[in-house]
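Structure first, commentary second.
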Amino acid sequence: QVQLVESGGGLVQAGGSLRLSCAVSGSIFSINAMGWYRQAPGKQREKVATITSRDSTNYVESVLGRFTISRDSAKSTMYLQMNSLKAEDTAVYYCAAATKQRDWWGQGTQVTVSS
């Protein structure tokens, strides 16, 4: 099993920054890739950024140049640095981990950007 706990969400003004953290525990060795997803009210969950075990990253076009995904293996933690935040970034952000058997999800952390 894999356990994921997000933190770092909150209320920020447009143009500001936040850093989300995802603490990983359990069968960490079985994880092939991890990512951040978000779901805004009334919208479907969308993939924001992903990172593989070889540190290959991928981003949704709307966050390119503003968000950076990274991981610290020693701390078993994944991060999402979010800069130049916009009102449309407001959503619940979820951490996810993919193993061969299934995907694992955190409980989510709210990010609210005021304009």
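These values consider heavy atoms only, across backbone and side chains, with no hydrogens, waters or symmetry-generated copies.
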Is there a donor-acceptor contact under 3.5 Å from the side chain of T52 to the main chain of R54? yes

Please answer whether the main-chain N or O of A87 pairs with a side-chain N or O of S115 as donor and acceptor at a distance below 3.5 Å.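 No; judged by distance alone, with no hydrogens or angles, the pair does not exist.
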
Could you measure the distance from the [atom1] atom of [X] to the [atom2] atom of [Y]? Nearest 0.5 Å is fine.
X    : Y    : atom1 : atom2 : value
K86  : S62  : NZ    : OG    : 8.0 Å
L85  : S114 : CG    : OG    : 10.0 Å
I51  : M78  : CD1   : CE    : 8.0 Å
T109 : L80  : OG1   : CG    : 11.0 Å
S27  : Q1   : OG    : CD    : 7.5 Å
Q3   : Q107 : CD    : CD    : 12.0 Å

Any chance the side chains of T50 and N58 put a donor and an acceptor closer than 3.5 Å? no

Quick one about R19 and Y79 (side-chain donor to acceptor, distance below 3.5 Å, no hydrogens or angles considered), yes or no?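 Distance-only check fails for Y79 and R19.
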
Give the C-alpha distance, both sets of side-chain angles, the deciding distance and a yes or no for side chain to side chain contact (heavy atoms under 4.5 Å, CB included) between D89 and R66. CA-CA 11 Å; D89 294 318; R66 300 189 298 121; 2.7 Å; yes

Any M82 side-chain heavy atom under 4.5 Å of V63 side chain: no

Quick check: do V111 and T90 have side-chain heavy atoms less than 4.5 Å from each other? no

Please say whether more than 12 non-hydrogen atoms of neighbouring residues, nucleotides or ligands are located less than 6.0 Å from CZ in R102.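 Above 12, so yes.
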
Can you tell me if CD on Q13 sees more than 12 non-hydrogen neighbours from other groups inside 6.0 Å? no

Does the pair S70 and Q81 meet the rule for a side chain to side chain contact (heavy atoms under 4.5 Å, CB included), with working shown? CA-CA 8 Å; S70 63; Q81 178 66 44; over 6 Å; no

What's the shortest heavy-atom distance between V2 and S30, and which atoms? CG2-OG, 4.3 Å

Would you name the heavy atoms of I28 and S76 that are closest together and state the gap between them? CD1-OG, 3.4 Å

Give the C-alpha distance, both sets of side-chain angles, the deciding distance and a yes or no for side chain to side chain contact (heavy atoms under 4.5 Å, CB included) between T77 and S21. CA-CA 7 Å; T77 303; S21 299; 4.2 Å; yes

Quick one: do [X] and [Y] end up in the same hydrophobic cluster if we chain Ile, Leu, Val, Met, Phe, Trp and Tyr together by side-chain heavy atoms under 4.5 Å apart?
X   : Y   : answer
V48 : V12 : yes
V5  : L20 : no
F67 : V92 : no
I31 : F29 : no
Y94 : I69 : no

Side chain to side chain donor-acceptor pair (under 3.5 Å) evaluation trace for N32 with S53: CA-CA 6 Å; N32 298 318; S53 58; 5.9 Å; no

Looking at W36, does the NZ or CZ of R38 lie under 6.0 angstrom from its six-membered ring centre and within 45 degrees of the ring axis? no

Kindly assign one of parallel, tilted or perpendicular to the pair W105 and Y37, based on the angle between their ring planes and the thresholds 30° and 60°.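 Judged by the thresholds at 30° and 60°, the geometry between W105 and Y37 is perpendicular.
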
Show the numbers, then the answer: is there a side chain to side chain contact (heavy atoms under 4.5 Å, CB included) between Q39 and Y93? CA-CA 7 Å; Q39 187 166 19; Y93 284 70; over 6 Å; no

